[in-house]
A.B. asks: 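Let me begin by handing over the structure; questions about it come next.
Just so it is clear, the model here is predicted, and its values are computed rather than measured. Whatever order the structure lists them in is the order used to number ligands and atoms, beginning at 1.
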Amino acid sequence: MAMEKTLILIKPDGMARKLTGIVIDRLDNAGFEMVGAKVVAVSEELARKHYEALKNQPFFENLIKYIRGEFHGIKNHKIIAFVYKGENAVEGVRKVVGATNPEQAACGTIRGSFGRITTKGQFENVVHASGAGPEAEKEIELWFKPEELVE
Ligand code: IDP
Ligand code: MG
């Protein structure tokens with residue numbers, strides 16, 4: 001067991017559907033501690049950096065539009081970013097969040113409860129959560145300044 005930090009984003013569908021409170025509640029109940037939080041207007045540059053590893057995927061351009069709120073009419077492209085901390089937080093938060101494909105996400109996970117695939121095939125999976133390996137540290141550095149984390 002290791003103390004870890006991980007990045008969570010409330011994606012534009014989660015914002016539009018007013019799911020922020022539910023996401024916070026589920027992470028609270030799973031025993032994770034919020035150490036950073038802010039509202040972010042996602043720039044094109046930030047979006048592309050965040051999803052850099054997926055730049056060769058066929059859905060990449062849609063992903064950039066999605067995270068910038070272009071499918072959901074979010075005023076000022078607003079999303080909410082969090083850093084959560086806890087024992088094995090990266091894997092643990094991913095368990096609470098559920099599988100990438102909302103149709104495959106287990107019942108009771110955030111994505112299993114609230115995610116959907118649109119008729120155009122766009123995954124709307126409510127939240128982003130850092131994956132295993134160096135991803136969490138890299139993402140936290142991209143989205144937060146060190147002094148924005150309260151530990
Ligand atoms: P993750 O969000 O569960 O970590 P990743 O593979 O890192 O999944 O992909 C990032 C995001 O890209 C997903 O959350 C989802 O919004 C989108 N995505 C991933 N795979 C597909 C796909 O096969 N079709 C459409 N969108 C996808
Ligand atoms: Mg990922």
Side-chain angles (χ1 to χ4, degrees), residues 2 4-27 29-32 34-74 76-144 149:
E4 291 175 344
K5 283 180 289 214
T6 188
L7 181 84
I8 318 292
L9 305 174
I10 309 292
K11 291 184 174 184
D13 54 318
M15 296 292 290
R17 293 159 75 193
K18 318 293 181 198
L19 294 170
T20 304
I22 283 169
V23 171
I24 291 173
D25 202 42
R26 293 208 176 181
L27 293 170
N29 288 336
F32 299 105
M34 190 194 293
V35 295
K38 63 178 170 183
V39 176
V40 182
V42 183
S43 68
E44 179 97 28
E45 191 192 353
L46 177 58
R48 286 181 186 278
K49 272 193 191 149
H50 177 72
Y51 282 127
E52 191 167 13
L54 297 173
K55 67 178 175 225
N56 294 323
Q57 296 296 325
F59 54 81
F60 180 70
E61 290 305 324
N62 270 349
L63 199 50
I64 299 304
K65 287 190 182 135
Y66 170 34
I67 199 69
R68 300 195 69 215
E70 288 180 37
F71 297 144
H72 294 87
I74 306 293
N76 305 329
H77 303 304
K78 240 182 288 180
I79 69 163
I80 306 179
F82 298 107
V83 175
Y84 274 82
K85 185 176 175 176
E87 293 285 349
N88 291 341
V90 175
E91 192 192 335
V93 167
R94 297 266 318 178
K95 247 185 211 153
V96 176
V97 163
T100 304
N101 180 338
E103 258 177 22
Q104 285 164 5
C107 289
T109 62
I110 293 167
R111 288 167 169 175
S113 295
F114 305 108
R116 67 168 188 168
I117 304 178
T118 69
T119 50
K120 288 180 178 161
Q122 176 70 28
F123 286 13
E124 292 190 349
N125 57 13
V126 187
V127 291
H128 166 83
S130 303
E135 203 174 288
E137 226 169 289
K138 238 176 99 179
E139 290 182 352
I140 290 167
E141 210 178 283
L142 179 64
W143 288 81
F144 284 85
L149 302 183

A.B. asks: Do NZ/NE/NH1/NH2 and the carboxylate oxygens of E61 and K65 come within less than 4.0 Å?
C.D. replies: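 Result for this pair is no, no salt bridge flagged.
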
A.B. asks: What residue among E139, R94, K138, E135 forms side chain to side chain donor-acceptor pair (under 3.5 Å) with S130?
C.D. replies: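 So, applying the side chain to side chain donor-acceptor pair (under 3.5 Å) to S130 and each of E139, R94, K138, E135, only E139 qualifies.
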
A.B. asks: Of all residues at least two apart in sequence or in a different chain, which pass the side-chain contact (heavy atoms from CB on, under 4.5 Å) check with A30?
C.D. replies: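 A30 satisfies side-chain contact (heavy atoms from CB on, under 4.5 Å) with F32, V96 only.
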
A.B. asks: For ligand 1, run through the N/O pairs with the protein that fall under 3.5 Å and put one pair on each line.
C.D. replies:
{"unit_1": "ligand 1", "atom_1": "2 (O)", "unit_2": "R111", "atom_2": "NH2", "d": "3.0"}
{"unit_1": "ligand 1", "atom_1": "3 (O)", "unit_2": "R94", "atom_2": "NH2", "d": "3.1"}
{"unit_1": "ligand 1", "atom_1": "3 (O)", "unit_2": "T100", "atom_2": "OG1", "d": "2.5"}
{"unit_1": "ligand 1", "atom_1": "3 (O)", "unit_2": "R111", "atom_2": "NH1", "d": "2.9"}
{"unit_1": "ligand 1", "atom_1": "4 (O)", "unit_2": "R94", "atom_2": "NH1", "d": "2.7"}
{"unit_1": "ligand 1", "atom_1": "4 (O)", "unit_2": "R94", "atom_2": "NH2", "d": "3.4"}
{"unit_1": "ligand 1", "atom_1": "8 (O)", "unit_2": "T100", "atom_2": "OG1", "d": "3.2"}
{"unit_1": "ligand 1", "atom_1": "14 (O)", "unit_2": "K11", "atom_2": "NZ", "d": "2.9"}
{"unit_1": "ligand 1", "atom_1": "14 (O)", "unit_2": "N125", "atom_2": "ND2", "d": "2.8"}
{"unit_1": "ligand 1", "atom_1": "16 (O)", "unit_2": "K11", "atom_2": "NZ", "d": "3.1"}

A.B. asks: If you look only at distance, which donor and acceptor atoms sit under 3.5 Å apart when one is on a side chain in residues 52-59 and the other is two or more places apart or in another chain?
C.D. replies:
none

A.B. asks: Can K11 be said to sit on top of Y66's aromatic six-ring, NZ or CZ under 6.0 Å from centre and within 45° of the ring axis?
C.D. replies: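 Verdict for Y66: no cation-pi partner in K11.
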
A.B. asks: Test of understanding: with side-chain contact (heavy atoms from CB on, under 4.5 Å), list the residues that count as partners of E44, not counting sequence neighbours.
C.D. replies: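 Partners of E44 by the side-chain contact (heavy atoms from CB on, under 4.5 Å) criterion, ordered by chain and then number, come out as R48, I64, R68.
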
